[in-house]
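In this text, all values refer to a predicted model and were calculated from it rather than measured experimentally. Excluded from the calculations below are hydrogen atoms, water molecules and symmetry mates; all remaining heavy atoms, backbone and side chain alike, are included.
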Amino acid sequence: MKSEIKAAFQKAAKEHEARAVERLREQEKRLTDRDQFEAGWSDTRARIVLPALRQIREEVLTPAGWTSEVRSDDKEESATIEVYKGSMHALGTTRRPSITFVIDRHSPTIFVTSQSISQGGGQGKFPLDEVTEEFVQATVLKFFQRLTSEG
């Protein structure tokens, strides 16, 4: 075999190996980044989101005669507050009106979704660093204003 042909085979094999190693590094980085994001969300949910939801319940909703329940689902990695007065139910369900902050499974963002008397669906996706106490309070306020205007 000519040395040029043999060298070309070896070069192609080395390039293939280098691409495989790079793909493996990229995959490991994505997994590490995702693990770090999930850990960051877990911490943010425990330190910021759930306390902010409880504060809304205790300082505003309960004194105003609204019933609310704050819950966390570790499997879904979510934090939810249900808010209702009397027999209010979310559109087309037996569930109570609620707003949920949950990890987005497809991107490094937090997905906010709500169900009110007449509307349901996503409120948007937000980077983890935007999820502050003020953000949670303002987001729940928008939901509550919509809920109170509906019924």
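Side-chain atoms of T32 come within 3.5 Å of backbone N or O of E28 as a donor-acceptor pair. A donor-acceptor contact shorter than 3.5 Å links the side chain of W41 to the backbone of E77. One N or O on the side chain of T139 and one on the backbone of F135 form a donor-acceptor pair closer than 3.5 Å. Judged purely by atom type and a 3.5 angstrom limit, R34 uses its side chain to pair as donor or acceptor with the backbone of S107.
Checking S78 against R71 by side-chain atom types alone, no donor-acceptor pair falls below 3.5 Å.
No path of Ile, Leu, Val, Met, Phe, Trp and Tyr side chains, each step under 4.5 Å between heavy atoms, connects L53 with I48, placing them in separate hydrophobic clusters. When the side chains of ILVMFWY residues are joined at heavy-atom separations under 4.5 Å, either directly or via intervening members, I99 and F111 end up in two distinct hydrophobic clusters. Following chains of ILVMFWY side-chain contacts shorter than 4.5 Å, one cannot reach V131 starting from V102, and the two form parts of different hydrophobic clusters.
Shown are E22, E17, E15; of these, the side-chain contact (heavy atoms from CB on, under 4.5 Å) with R19 is made only by E15.
In terms of heavy atoms, Q115 sits closest to F143 at O-CE1, 3.6 Å. When all heavy atoms of D73 and E76 are compared, the closest pair comes out as OD1-N, 3.0 Å. Residue G40 comes nearest to L128 through the heavy atom pair C-CD2, 3.6 Å, listed as atom of the first residue, atom of the second, then distance.
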Worksheet item: So E69 and R57, salt bridge (Lys or Arg N to Asp or Glu O under 4.0 Å) or not? Walk me through it.
Response: CA-CA 8 Å; E69 178 184 337; R57 178 188 68 208; over 6 Å; no
Discussion item. Walk me through whether D35 and R30 qualify under salt bridge (Lys or Arg N to Asp or Glu O under 4.0 Å).
Written reply: CA-CA 9 Å; D35 287 346; R30 280 193 305 275; over 6 Å; no
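More than 12 non-hydrogen atoms from other residues, nucleotides or ligands lie less than 6.0 angstrom from CD of Q137.
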